[in-house]
Structure formats: structure tokens, C-alpha cells
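These notes are about the structure you will find just below.
This one's a predicted model, so the numbers in the text were calculated from it and none came from an experiment. When a residue number appears, it is its place in the shown sequence, counting from 1.
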Amino acid sequence: MLFITGPLYSGKRTFAAQFGGRQIYEVQDRAAEMTELQALADELAAYDVVTATEVGGGIVPIDPAERARREAAGRLACLLAARADCVVQMFCGLPTILKGELPKC
């Protein structure tokens with residue numbers, strides 16, 4: 001599985017499109033809905049390409065529910081990175097490989 005992460009509008013989806021296969025985007029939103037993040041990570045790891053937006057930077061929300069949502073998204077990203085064969089961080093449209101090697105297009 002190729003896991004691509006980075007801020008909003010950093011080019012994650014455009015970068016992912018070149019790899020084909022089964023893809024799922026913006027999985028950080030699913031973390032807030034789940035109580036068992038391990039099971040969600042296992043389910044998502046079956047995809048060829050998974051993208052998630054980094055939500056932990058910036059101002060910490062005052063709302064406890066929003067803080068919990070961001071915490072769950074961060075924990076899911078860690079679980080996905082651990083399961084991934086390759087982890088890529090996108091920034092300004094530029095990929096940085098954090099783990100493994102990119103699959104062949």
C-alpha cells in the first residue's frame with residue numbers, strides 16, 4: 001500500500017492518480033467516526049493507494065470534540081504509515097519519500 005499524506009491542496013490526489021489501482025482519499029475524516037482505529041487501518045491497508053490530509057498543524061481547537069477528531073486522524077495516519085510499503089509526504093506538489101520506494105507506475 002502507498003500512503004500519501006500532506007496538507008490540503010498539496011497535490012496528493014494528482015500524484016496518486018499516476019499509480020492506478022484501488023484508491024481511497026481523505027481517510028482522516030473516517031477516523032472520527034470509528035472507535036476502533038486498528039480495524040479501520042486494516043480495512044484501508046487493503047487499498048493500493050491511501051491519502052490523508054494532515055490536520056495536526058496550526059492552532060489547537062478549543063472545542064474538545066474537534067481536538068478528539070484531530071487526535072484520531074493523527075493516530076490513524078500513524079497506523080497507516082506503519083502498514084504501508086511506501087509513505088510519501090506531499091508539500092507544494094513535491095513528493096518526499098519517507099519510507100520505502102515508490103511503486104512502478
Side-chain angles (χ1 to χ4, degrees):
M1 182 256 293
L2 169 61
F3 178 52
I4 304 170
T5 187
L8 278 173
Y9 310 113
S10 61
K12 295 182 297 292
R13 193 174 294 214
T14 302
F15 182 72
Q18 67 183 311
F19 297 101
R22 288 186 36 191
Q23 300 191 5
I24 187 166
Y25 308 108
E26 304 301 327
V27 298
Q28 77 282 350
D29 295 333
R30 297 185 63 187
E33 305 162 2
M34 296 293 291
T35 55
E36 184 50 52
L37 291 177
Q38 293 278 353
L40 177 58
D42 289 339
E43 175 189 330
L44 295 172
Y47 285 84
D48 298 308
V49 179
V50 178
T51 71
T53 297
E54 292 177 6
V55 295
I59 299 170
V60 176
I62 197 164
D63 178 33
E66 186 59 30
R67 282 197 310 272
R69 182 178 162 95
R70 287 173 67 169
E71 177 71 20
R75 289 184 184 277
L76 177 62
C78 291
L79 293 170
L80 289 171
R83 287 165 173 74
D85 299 313
C86 181
V87 178
V88 175
Q89 181 181 34
M90 294 295 295
F91 193 76
C92 297
L94 301 173
T96 301
I97 300 171
L98 303 177
K99 175 184 173 183
E101 295 181 10
L102 287 175
K104 300 292 182 205
C105 297

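Taking both residues in full, the closest heavy atoms of Val55 and Arg70 are given as O-NE, 2.7 Å, listed atom of the first, atom of the second, then distance. Taking all atoms of both residues into account, the shortest heavy-atom contact from Met90 to Pro7 is O-CD, 3.3 Å. The minimum heavy-atom distance between Ala16 and Ile4, with the atom names listed, is CB-CD1, 3.7 Å. Heavy atoms only, all atoms of each residue included: Val49 and Phe19 are closest at CG2-CB, 4.1 Å.
Every residue two or more places apart in sequence or in another chain that forms a side-chain hydrogen bond (donor to acceptor under 3.5 Å, both in side chains) with Glu26 is listed here: Gln28, Thr53. For the side-chain hydrogen bond (donor to acceptor under 3.5 Å, both in side chains) test, residues two or more places apart in sequence or in another chain that qualify with Arg30 are Glu43.
A donor-acceptor contact shorter than 3.5 Å is absent between the side chain of Asp48 and the backbone of Gln23. In this structure a side-chain-to-backbone donor-acceptor pair under 3.5 Å is missing from Glu66 to Asp63. A donor-acceptor pair is defined here as one N or O able to donate and one able to accept, closer than 3.5 Å; such a pair exists between the side chain of Thr5 and the backbone of Ala52. Remark: side-chain polar atoms of Arg67 are paired, donor with acceptor, to backbone N or O of Pro61 under 3.5 angstrom.
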Open item on the list: Working note: Val87 + Ile97, criterion side-chain contact (heavy atoms from CB on, under 4.5 Å); need CA distance, chi angles, decisive distance, verdict.
Closed with: CA-CA 6 Å; Val87 178; Ile97 300 171; over 6 Å; no

TODO: Under the side-chain contact (heavy atoms from CB on, under 4.5 Å) rule, what do Leu98 and Phe3 come out as? Steps first, then yes or no, please.
DONE: CA-CA 10 Å; Leu98 303 177; Phe3 178 52; over 6 Å; no

Task: Residues Val88, Lys99; criterion side-chain contact (heavy atoms from CB on, under 4.5 Å); working and verdict - done: CA-CA 7 Å; Val88 175; Lys99 175 184 173 183; over 6 Å; no

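Taking the side chain as every heavy atom from C-beta outward, Phe91 and Thr96 never approach each other to under 4.5 Å. Residues Val27 and Thr51 fail the side-chain proximity criterion, which asks for heavy atoms closer than 4.5 Å. Contact of the Val50 side chain with the Leu2 side chain is not registered, since no non-hydrogen atoms from C-beta on lie closer than 4.5 Å.
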Mind listing the side-chain donor-acceptor pairs of residues 72-86 below 3.5 Å, one per line with the distance, residues two or more places apart or on another chain?
| residue | atom | partner | partner atom | Å |
| --- | --- | --- | --- | --- |
| Arg75 | NE | Glu71 | OE2 | 2.7 |
| Arg75 | NH2 | Glu71 | OE2 | 2.8 |
| Arg83 | NE | Asp42 | OD1 | 2.8 |
| Arg83 | NH1 | Leu79 | O | 3.1 |
| Arg83 | NH2 | Gln38 | OE1 | 2.8 |
| Arg83 | NH2 | Asp42 | OD1 | 2.9 |
| Asp85 | OD2 | Met1 | N | 2.7 |

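Of the inter-residue distances, the one linking Arg22 atom CZ with Tyr47 atom OH reads 5.0 Å to the nearest 0.5 angstrom. Note that CD of Glu54 and OG of Ser10 are 7.5 Å apart. Values are rounded to the nearest 0.5 Å.
Other residues, nucleotides and ligands contribute at most 12 non-hydrogen atoms within 6.0 Å of the CD1 atom of Ile62.
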